[in-house]
Amino acid sequence: MTKTKLKDNKYDPREIESYWQKIWEEQKIYSPNLDASTPPCTRRCGASLRTKKPFDPSASLRAQGKPFYNLMMFPYPSAEGMHVGNMYAFTGADVYGRFKRMLGFDVLEPIGLDGFGIHSENYAIKIGRHPKEQAKISEANFYRQLRATGNGFDWSRKLETYDSKYYKWTQWMFIQLFKAGLAYRKRAMVNFCPSCKTVLADEQVIDGRCERCATLVIREQREQWFFRITHYAEKLLGNIEKLNWSQKVKTAQRAWIGKSEGALITFKIKNSHRTIDVFTTRPDTLFGATFLVVSPEHPLVADLFGQGKDVMNYLSKAVVKSEQERIAQGKGKEGVPTWYSAINPVNNQEIPIWIADYVLMGYGTGAIMGVPAHDQRDFEFAKKYKLAIKTVILGIRRKPETPESLRAFHAKGDSGQDGHQTVARQARMTAGGEIEEAYIGEGVIINSGEWNGRKVPEDIGKVIDWLEQKSIGRREVTYHLRDWLISRQRYWGPPIPLIYCNICAKKGESWFTTDESLKIERKSWKSDHASPFDFLSSTMRGWFPVQEKDLPVLLPDVKEWKPTGTGKSPLATVESFINTFCPNCKSPAKRETDVSDNFLDSAWYFFRYLSTDIDSTAFDIKRAKNWLPVKMYIGGAEHSVLHLLYARFITMVLKDIGFIEFEEPFSRFYAHGLLVKEGAKMSKSKGNVVVPDEYIRKFGADTLRLYLMFLGPFNQGGDFYDTALEGMYRFIKRVWRLILDSCHPELVSGSPSPVPSPLEGEGQGEGAEIPKSIRQAQDPEFTEGQVRNDTQRRRMMHKTIKKVTEDIEHLRYNTAIAAMMEWYNYLKLELRGKKLEVTGEEVETFLKLLAPFAPHVTEELYHNVILRRQPKDLDSSSRLVGTQNDKKWSIHLQPWPTFDPKFLEEDEVTIVVQVNGKVRATLEVKSEKLKVKSYVEELARKSGKVKEYLEGKEIEKVVYVEGKVINFVTG
RNA sequence: GGGCGAGUGGUGGAAUGGUAGACACGCGGGUCUCAAAAACCCGUGAGCUUUAAACUCGUGUGGGUUCGACUCCCACCUUGCCCACCA
């Protein structure tokens, strides 16, 4: 087959690609042996084990058989199939993986499908097909597409989250969290999507709308299962700085965890024995507190404040208000006074207590002290309801230091009083002397008794100390992060593996009262929870996890799988599912009927990839030790918060309960950019979603891969234009032709002769059939000038190796490809009209550099030109590719080319000659003369038009930057 | 409202203090062909000029630092993404 192709000189991607994909998968060249890899070097990472080479500048990148877990975010298999955005992400990840493999790492690059959960179920509802059936269809389609992209996936390790072999262990994870006391049930205000008919985690509510269907969510009191992720808030936050992630993602995670430090202050309520705790980051303004506000959901509202017609009226309105309405209302804050007042503990002043929905129950204590003079929201509220405003901070602004900022400062209308070191500044006033906005800047405390004169923010710590001494308040830290609402009233997910026993509940028993529980040391609990056992055994009455031997709890195959809207999962009506026996007392009991959130499926899948061949455990501990954490994780920035945070949380839990020794799952995370179509975001509603299939059919996966990687910087995304693809197709065809046309005919047609490898010491030396330089075809006509030519050509090659190597390492794929094009253009020009040919060394190097981007065509050419084997010899029956031990036949298992800096040195360097910073000439200077300024200056004065420009001018200064530029500065 | 990016030819982009526009797309012209496609060759920031050479201008706007600024600093404009009544 290939002979014909070569004769015709025709590049036919379709034939080549499917052929090699089949061979790769058959020969398992991308399937590392997970149990046999060299464990990571503990002494010096990346050191070359081949010490024979005198100097190898890229040695630090090399490794011999070291595990490299190259992970990409597994896709949600939408029924429309994989779109080109998925392919963009996967190709970028695959290029990196292939590069690492050629550098000698044992690369694991697994793929799977995240097909469990609401997104898949909603689609099933839409088209009216059972999700299980739809999953099968999507799966086949997706895997077909994924194969066609030519990624180096380990197909022996794929997984699907909806496969019971997988979700068995998702359920096992749930049980581990339960047993660690990190899963609990509580009645709480939750987000409910009336369209999806399920509750949602806070993270899944965007602008008050459902993340999946954009329906306005309703706030409701419901009893639900939660994971205690807040328990890890401090660790999740603290570890961030150690991660090799982009600053952007780290910032997003920090913001989401949202740590605030401040104080908890206790107010007494007049005419009541009750007290109110408020959290504030500004305890220094306590003297300025003129009212207290509690959230409508605050427990004291039901217990104490909920009296009076006005209050009842307000509450009935506020509680049903959706999140969206509250936000839309913006600054028009509404509230209602209660009949109660509180006592400000620092000055015993009586201040009114209000109820308002601008205070959120979910943050802090659900109650705040209103300091209108120094908080904008409190200010607006005070204005609206004519509440007292008391200034306690005198603003200070330090005099601006630079002339520019001073000018800007004055231009803004700040009435700076020149000559003073500081400018007194308070809240901005209207002409009538009324305050226009709260002052929240730095300053000095006033009107606050013994605190007067203290500086803010410097002395806030001292203020808190004072409060602690007087037992008025204490230091407190609070987080924006809330516990993870994990239960969903849906069908298409892993049933939560818990059983409720009414009989045990009545006896006050739960799993936490069993012997097994008592034996477990709960490392995950902080010491300040003095008795987690008591706490859990009281809140978890009647609840028991399914015994591990009984896993999985299979999702029953039912006809009525659509969401019910009754607040219960469709499983709640399946008698055969619900009824079971209590693991504790063996009497009849009932199963939990909710399923777990889809984000749990994806929070641990990278553990499962390592052990898809093992049924007896979630993941093999030894393999996890060798292969994890993930060395490189590539995915979309939209998962900066949710998925990455959940995966980190689960990993920390697994560490605390003793399964692993690390607590961060992803050493490096790299967020790729977004691919758009002709300037617009691809979306189903716009109908501009690009599916790779047709492009692969027309141009081949190699062309599409190269094109996608060439669009722009990988972390910035790109714009997909049909026409531009042709250019990349052209490039591959040109390379194909250059290599085949300029190669010695004998080489292409066969009859190999054993000769030493042109890339000496590159590991494939002994016995390998590598041809010597083709140009040694001894043609006397071009020996003339050959030496100079050789040097130049070698320099170009080494320059390209350097550039491509460094660019791929930094994921600058677009410039790596450009460098290869430049080299191609150079060779083309070099060979044109002369009898020259590309050397074997050049061909081999070029193919290797291109291999991560265009795996199929490079493999094909490598076999025909370098190995001189016909692909048909590679059928599994052939002796050439006999055993799995002999995998050297593939270009993708060859060592990455190295460059030698000694070939990079130029013997002549171009110096730019400037007069007053303007380029007037360029100059070729011999390298060895570069250091001599006087010599260069001499030449420069005479070069080009420089003489004219310097005529009659006095030279004030000559700036010479060695090897780059010389600039004459005249008067 | 807050945070983080980005602004360069007709287009995607390159250059992170030293010849702006690499590389590619598109476009124009040519070769081959009966013709078309493909392929190949030449040109392609703007202005001035018949052409060439030369010169001038040119990286969102205004200012600054520097012998020299797309690059560093200040202010502003535009735009994208993320978060948002977080006390």
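If you're wondering where the values come from, they're calculated on a predicted model, not measured in any experiment.
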Using the [atom1] atoms only, state how far [M] lies from [N], rounded to an integer number of Å.
N: B:A22; M: B:G12; atom1: P; value: 15 Å
N: B:A69; M: B:U19; atom1: P; value: 12 Å
N: B:A53; M: B:C73; atom1: C1'; value: 40 Å
N: B:U31; M: B:U79; atom1: C1'; value: 46 Å
N: B:U8; M: B:A14; atom1: P; value: 12 Å
N: B:A46; M: B:G28; atom1: P; value: 15 Å
N: B:G9; M: B:U61; atom1: P; value: 10 Å
N: B:G68; M: B:A20; atom1: P; value: 15 Å

Between [N] ([atom2]) and [X] ([atom1]): distance, integer Å:
X: A:Tyr707; N: B:U11; atom1: OH; atom2: P; result: 16 Å
X: A:Lys733; N: B:A24; atom1: NZ; atom2: P; result: 15 Å
X: A:Met728; N: B:G13; atom1: CE; atom2: P; result: 14 Å
X: A:Asp357; N: B:A87; atom1: CG; atom2: C1'; result: 15 Å
X: A:Tyr11; N: B:A39; atom1: OH; atom2: C1'; result: 17 Å
X: A:His810; N: B:U16; atom1: NE2; atom2: C1'; result: 14 Å
X: A:Arg737; N: B:C40; atom1: CZ; atom2: P; result: 5 Å
X: A:Leu674; N: B:G5; atom1: CG; atom2: P; result: 19 Å

Under 4.0 Å: is that the gap between some side-chain N or O of [X] and OP1 or OP2 of [N]?
X: A:Asn825; N: B:A22; answer: no
X: A:Arg730; N: B:C25; answer: yes
X: A:Ser260; N: B:A87; answer: yes
X: A:Lys957; N: B:C67; answer: yes
X: A:Arg734; N: B:C40; answer: yes
X: A:Asn814; N: B:C23; answer: no
X: A:Tyr721; N: B:C25; answer: no
X: A:Lys248; N: B:C81; answer: no
X: A:Arg282; N: B:A87; answer: no

Report the nucleotide, chosen from [options], that has the shortest atom-to-atom distance to any side-chain atom of [X].
X: A:Val359; options: B:A87, B:C57, B:C25; answer: B:A87
X: A:Arg920; options: B:G18, B:U19, B:U56; answer: B:U56
X: A:Pro713; options: B:G13, B:G18, B:A87; answer: B:G13
X: A:Val965; options: B:A84, B:A87, B:G18; answer: B:G18
X: A:Val961; options: B:G18, B:A84, B:C40; answer: B:G18
X: A:Val969; options: B:U19, B:C67, B:C25; answer: B:C67
X: A:Asn967; options: B:G18, B:G3, B:C83; answer: B:G18
X: A:Thr280; options: B:U19, B:A87, B:A84; answer: B:A87
X: A:Phe710; options: B:C40, B:A87, B:C23; answer: B:C23

With both distances under 3.5 angstrom, what nucleotide forms a Watson-Crick or G-U wobble pair with [N]?
N: B:C4; answer: B:G80
N: B:C67; answer: B:G18
N: B:A24; answer: B:U11
N: B:C57; answer: B:G45
N: B:U33; answer: none

- If anything within 90° of 0 is syn and all else is anti, what is B:G64?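 It is anti.
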Indicate, with a heavy-atom threshold strictly under 4.0 Å, whether [X] touches base, sugar-phosphate, or nothing.
X: A:Val919; result: sugar-phosphate
X: A:Gln914; result: base
X: A:Ala818; result: base
X: A:Asp378; result: nothing
X: A:Thr478; result: nothing
X: A:Gly258; result: nothing

- prompt: With no angle test and no hydrogens, is the base of B:G1 tied to the side chain of A:Gln376 by a donor-acceptor pair under 3.5 Å?
  reply: no
Q.
Both A:Gly727 and A:Glu822 contact RNA chain B. Taking the nearest nucleotide for each, which residue is further toward the 5' end?
A.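 Checking each residue's closest nucleotide, the 5'-ward one belongs to A:Glu822.
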Of A:Met821 and A:Tyr824, the one whose closest nucleotide on RNA chain B sits nearer the 5' end is A:Met821
I'd like to know if the side chain of [X] pairs up with that of [Y] as donor and acceptor (distance under 3.5 Å, no hydrogens or angles considered).
X: A:Tyr695; Y: A:Thr703; answer: no
X: A:Thr815; Y: A:Asp807; answer: yes
X: A:Glu261; Y: A:Thr281; answer: no

Centroid-centroid under 6.0 Å between A:Phe853 and A:Phe710 rings |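 Between A:Phe853 and A:Phe710, the centre distance exceeds or equals 6.0 Å.
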Taking the six-membered ring for Trp, is the centroid-to-centroid distance between A:Tyr385 and A:Phe291 below 6.0 Å?
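No, they do not, as the ring centres are separated by 6.0 Å or more.
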Does A:Lys390 reach the main-chain N or O of A:Phe287 with its side chain, forming a donor-acceptor pair under 3.5 Å?
yes
Please indicate whether A:Arg254 has more than 12 foreign heavy atoms, meaning atoms of other residues, nucleotides or ligands, lying under 6.0 Å from its CZ.
->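 Enclosed: over 12 neighbouring heavy atoms sit under 6.0 Å from CZ of A:Arg254.
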What is the ring orientation for A:Phe381 with A:Tyr358, classed by angle as parallel under 30°, tilted 30 to 60°, or perpendicular over 60°? tilted
Pairing of A:Asp284 and A:Arg282 as salt bridge, 4.0 angstrom limit
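Between A:Arg282 and A:Asp284 there is a salt bridge, with a charged N closer than 4.0 Å to a carboxylate O.
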Looking at OG1 of A:Thr91 and CZ of A:Phe714, how far apart are the two atoms once the value is rounded to the nearest 0.5 Å?
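CZ of A:Phe714 is found 8.0 Å from OG1 of A:Thr91.
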